[in-house]
Structure formats: C-alpha cells, structure tokens
Amino acid sequence: MSEESDYNDPDHCTVGVIGEVGNRLFLFYVRQGLNETTVKVEKQQIAVLASYLGRIVKELGRPGHLPDDLSFDGTEDPEWVVGTIGVSYDEELDRVVVVLEEIHDEDEDEDEENAHVLRIALTREQAAAFAIHATRLVEAGRPPCPLCGLPLDPSGHDCPRTNGHRPPVT
C-alpha cells in the first residue's frame with residue numbers, strides 16, 4: 001500500500017532552495033497543523049509547476065489577498081524525491097490540487113505499492129502566491145539555454161539540441 005499524505009487545508013506551502021546558484025537543491029514544503037512534509041524537487045519541475053499554477057489561477061479569475069509569508073520552514077533533509085507532479089482543479093471545493101509522487105528507480109525491484117504520494121489542496125490565493133514565489137526562485141538561478149531549456153553554465157553548455165555540431169552556447 002502506498003504512503004499517502006493529504007493536506008486538504010494547508011497552513012503553509014512553499015518552495016525553498018539551499019546552496020549556491022548552479023548547485024542549488026530545491027525543496028517543496030507543506031504544513032498543516034502539526035503535520036509537515038519536505039521533499040526534493042528539480043528546478044525544472046518547480047518551473048513547470050509554477051507556470052501551470054499561474055495559468056490555472058488566471059483562468060479561474062483574480063484571487064483574493066495572497067499570503068505574504070512564503071518562507072521555507074522545512075528541513076534541509078528531504079523525506080523523499082519527487083518523480084511526477086500532477087495538478088487538477090476541484091470545482092466543488094474550489095481548490096487547486098497538486099499531487100507529488102515519489103520517483104521510482106527502474107533498476108530496482110522496488111514494490112510500487114510502497115511509494116509516497118503527497119496531495120495538497122491549495123486555495124487560489126495559495127496557488128498564485130506559490131507560482132509567483134517559485135518563479136522568482138527559478139529565475140534567480142542560471143539562465144536557460146534558448147535551444148534546449150537546460151541551465152547554462154558559466155563555463156559553457158553542451159546543448160543536446162545541437163547534437164555536437166555547434167560549439168557550446170555561452
């Protein structure tokens with residue numbers, strides 16, 4: 001059986017970074033009452049999630065007052081690593097539901113029934129604030145390559161889109 005954590009009315013939901021630009025660790029944090037969870041996510045996952053949440057909130061209409069405090073209160077030691085992220089909108093509850101699932105190593109003969117799943121039902125305001133905050137964190141890092149979207153290193157970038165036929169983009 002999978003280990004599921006549901007946060008149906010979270011007090012706090014944010015993303016934080018640890019480390020220097022080019023070597024940052026992205027952490028997703030959620031808290032509801034005394035329950036809290038910190039998981040590791042990739043920069044690209046956060047970028048896509050922020051963009052998607054922004055579009056959903058825009059389609060739903062202007063939210064009310066956004067939460068001011070999006071500080072990262074979680075631990076620097078994540079509980080598990082996120083593999084997939086899903087987003088849906090629950091009309092009945094008027095909540096944006098974010099589902100994070102643990103990454104699975106295909107080489108290991110791991111039982112998928114023991115996977116972690118984290119469900120967070122965000123208000124429009126929480127979703128909008130998360131999207132803004134996450135976008136700022138992502139943009140504060142290395143700029144993306146215009147061809148492949150991967151981060152550019154100051155020392156250069158071997159872009160997979162050039163297939164070795166062009167010098168690295170800098």
Side-chain angles (χ1 to χ4, degrees), residues 1-21 23-105 108 110-141 144 149 151:
M1 185 171 173
S2 66
E3 292 185 40
E4 296 184 12
S5 298
D6 289 338
Y7 290 86
N8 297 320
D9 191 20
D11 305 319
H12 194 67
C13 184
T14 192
V15 63
V17 293
I18 297 169
E20 298 298 318
V21 172
N23 194 25
R24 297 187 298 170
L25 173 66
F26 280 77
L27 298 168
F28 185 101
Y29 172 76
V30 62
R31 179 186 69 232
Q32 182 174 317
L34 298 176
N35 297 323
E36 60 183 6
T37 302
T38 301
V39 294
K40 179 184 179 281
V41 289
E42 295 296 326
K43 176 182 176 180
Q44 280 303 112
Q45 290 174 307
I46 290 298
V48 171
L49 176 60
S51 174
Y52 195 72
L53 289 176
R55 285 195 311 266
I56 288 176
V57 170
K58 185 177 179 180
E59 288 175 11
L60 294 173
R62 187 175 178 92
H65 178 73
L66 303 185
D68 295 324
D69 180 20
L70 288 169
S71 61
F72 179 76
D73 299 332
T75 175
E76 293 183 12
D77 186 26
E79 296 174 34
W80 43 272
V81 179
V82 173
T84 59
I85 300 176
V87 180
S88 63
Y89 175 67
D90 186 325
E91 283 186 50
E92 189 175 313
L93 298 175
D94 189 26
R95 296 281 179 139
V96 178
V97 180
V98 178
V99 179
L100 304 147
E101 295 181 0
E102 185 176 19
I103 194 167
H104 293 288
D105 188 353
E108 292 183 15
E110 190 175 330
D111 188 2
E112 288 189 23
E113 292 182 6
N114 293 326
H116 291 94
V117 177
L118 180 61
R119 267 186 209 84
I120 307 110
L122 301 172
T123 64
R124 292 183 198 192
E125 293 77 15
Q126 288 172 318
F130 183 96
I132 292 166
H133 176 69
T135 299
R136 286 181 182 150
L137 285 179
V138 168
E139 290 177 352

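In this text, all values refer to a predicted model and were calculated from it rather than measured experimentally.
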>> If the condition is side-chain hydrogen bond (donor to acceptor under 3.5 Å, both in side chains), which residues does Ser51 pass it with, not counting sequence neighbours?
In response: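 In terms of side-chain hydrogen bond (donor to acceptor under 3.5 Å, both in side chains), with neighbours along the sequence ignored, Ser51 is linked to Arg55.
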>> Taking side-chain hydrogen bond (donor to acceptor under 3.5 Å, both in side chains) as the definition, give me every residue that meets it alongside Ser5, ordered by chain and number, with sequence neighbours left out.
In response: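 side-chain hydrogen bond (donor to acceptor under 3.5 Å, both in side chains) check on Ser5 returns nothing, list empty.
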> For residues 57-81, which residue pairs qualify under ring-ring contact (aromatic ring centres under 6.0 Å, His included), counting only residues two or more places apart or in two chains?
Replying inline: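 Non-adjacent pairs meeting ring-ring contact (aromatic ring centres under 6.0 Å, His included): Tyr29-Phe72, Trp80-His116.
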Apply salt bridge (charged side-chain N to carboxylate O under 4.0 Å, His left out) to [X] and list each qualifying residue two or more places apart in sequence or on a separate chain.
X	result
Arg31	Asp73
Glu42	Lys40
Arg119	Glu4, Asp6

Suppose we screen for side chain to side chain contact (heavy atoms under 4.5 Å, CB included). Which residues come up paired with [X], at least two apart in sequence or across chains?
X	result
Thr37	Tyr7, Val30, Val39, Glu79, Leu118
Ala128	Val57, Pro63, Leu66
Val41	Phe26, Phe28, Gln45, Ile46, Val82

>> Strictly by salt bridge (Lys or Arg N to Asp or Glu O under 4.0 Å), give each pair with a member in residues 86-101 just once, sequence neighbours left out.
In response: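 Salt bridge (Lys or Arg N to Asp or Glu O under 4.0 Å) check on residues 86-101 returns Asp9-Arg95, Asp94-Arg124.
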>> Taking salt bridge (Lys or Arg N to Asp or Glu O under 4.0 Å) as the cut-off, I'd like each qualifying pair that reaches into residues 57-69, sequence neighbours left out, listed once.
In response: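 Matches after skipping sequence neighbours: none remain.
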>> Can you confirm whether Thr14 sits close enough to Ser71 that some side-chain heavy atom of one is under 4.5 Å from a side-chain heavy atom of the other?
In response: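 Thr14 does not reach Ser71 side chain to side chain.
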> Is the shortest heavy-atom distance from the side chain of Ile85 to the side chain of Val48 under 4.5 Å?
Replying inline: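 Ile85 vs Val48: side chains apart.
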Identify the two heavy atoms, one from [X] and one from [Y], that lie closest to each other, and give their separation to 0.1 Å.
X	Y	answer
Ala50	Ala131	O-CB, 3.4 Å
Tyr89	Leu60	CE1-CD1, 3.5 Å
Ile120	Pro10	CG2-CG, 3.8 Å
Glu76	Ile18	CG-CD1, 3.1 Å

> Only one of Val98, Leu122, Leu70 forms a side-chain contact (heavy atoms from CB on, under 4.5 Å) with Cys13, so which one is it?
Replying inline: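 One option only clears the test, and that one is Leu122.
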